[in-house]
There are 2 protein chains.
Amino acid sequence: MVEQRSLEVREQQLDAVFGALADPTRRAIVRRLASGDATVGELAEPFAMSFQAVSKHLRVLELAGLVERSRRAQQRPCKLRIEPLVAAGGWLGDYRELWESSFDRLDVHLTKKKGSAHA
Amino acid sequence: MVEQRSLEVREQQLDAVFGALADPTRRAIVRRLASGDATVGELAEPFAMSFQAVSKHLRVLELAGLVERSRRAQQRPCKLRIEPLVAAGGWLGDYRELWESSFDRLDVHLTKKKGSAHA
DNA sequence: TCGTTGCTCAACCATTAGGTTGAATAATAA
DNA sequence: TTATTATTCAACCTAATGGTTGAGCAACGA
């Protein structure tokens, strides 16, 4: 159940979540974590940047509530939390009716999306 | 017709759209425009900031493809374009399956989700 | 104990973002 | 023409962002 939160807090969460998703590296991290937990090192490996930079991105994701970091030995396994994604999707969903009703031709896009299920 | 776009361009569009939505003023503008077109002055009126600042926000929204500005007399009526919202929603939608299956374990949420399920 | 691994913290740098004010522009009204 | 209205442009400021490198720290393996 989603309990009541102040509008302000919810707005701040949306700031954080949309802001976190506004970076391609962070979206790639989210994508990666969607297929399973990973350590910072594992997450950093594919990127042409220092792991410190990736660690910073993880902190942004963590502040947005999208990532949870625990401890196991020297490692900090990261786990994706989807609730903020739901919140963001919910905000966008408020406009779904608008675009579905007044822009029927956009059904084309939705259909295309189904075909190319990867971003 | 919408032709094929490179992944890179799509990534940049997502950068722009999520970035545009990461600001509460801009989300409020989107919300306002969802209920109908408006001029810059009308859009600026509710905010405690200069209309130049609002004009800047509109430019960000415009660069993200979310707003289209035309001319009518001295005014620049703004119109919401929803296609980028669809793109953002589509990206989030790629994870819907993930979060639906994870809510599955709590099966309370699954029932809620199914009510609004849509491709 | 000592060295290595995995990561964070701190300082720094360049760029961008969000705001301000003041001037410029373009269309309308007088 | 001149004035007014609606908006943008330009310059500026401050703070935040995204990256770097180097040091520090905690946990493990030898």
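Here is the naming used below: chain letters follow the sequence lines, and residue numbers restart at 1 for every chain. We use all heavy atoms of the structure for the numbers below, so side chains are in, but hydrogens, waters and symmetry mates are not.
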Open item on the list: Does a side-chain N or O of A:Ser55 approach OP1 or OP2 of C:dC7 to a distance below 4.0 Å, or not?
Closed with: no
Open item on the list: Under 4.0 Å from OP1 or OP2 of D:dG19: is there any side-chain N or O of A:Ser50 that close?
Closed with: no
Task: Phosphate-side-chain proximity, A:Arg76 and D:dA26, N/O vs OP1/OP2 below 4.0 Å - done: no
- [ ] Give one of base, sugar-phosphate or nothing for A:Arg26, where a contact means two heavy atoms less than 4.0 Å apart.
- [x] sugar-phosphate
TODO: Give the minimum heavy-atom separation between B:Leu33 and B:Cys78, together with the two atoms involved.
DONE: CD2-O, 3.5 Å
Task: Gap between atoms NZ and P, on A:Lys56 and C:dT15 respectively (whole Å) - done: 16 Å
TODO: Scan A:Arg72 against the nucleic acid and name what it touches under 4.0 Å (heavy atoms): base, sugar-phosphate only, or nothing.
DONE: nothing
Task: Nearest-nucleotide pick for A:Gln74, side chain only, options being D:dT7, C:dA23, C:dG6 - done: C:dG6
Task: Nearest-nucleotide comparison on DNA chain C, the residue closer to the 5′ end among A:Thr39 and B:Met49 - done: A:Thr39
Task: Sugar-phosphate, base or nothing in reach of B:Thr25, heavy atoms under 4.0 Å - done: nothing
TODO: Measure from CD on A:Gln75 to C1' on D:dA26 and round the result to the nearest Å.
DONE: 13 Å
- [ ] May I have the distance from B:His57 (atom NE2) to C:dA17 (atom P), rounded to whole angstrom?
- [x] 12 Å
Task: Heavy-atom pair with the smallest gap, counting every atom of B:Leu92 and A:Leu92 - done: CD1-CD1, 3.6 Å
Task: A:Arg71 vs C:dG6: side-chain N/O to OP1/OP2 distance below 4.0 Å - done: no
Open item on the list: If I take atom CZ in residue A:Phe47 and atom C1' in nucleotide D:dT20, what distance separates them, rounded to the nearest angstrom?
Closed with: 17 Å
Task: Between C:dG18 (P) and B:Leu21 (CG): distance, integer Å - done: 12 Å
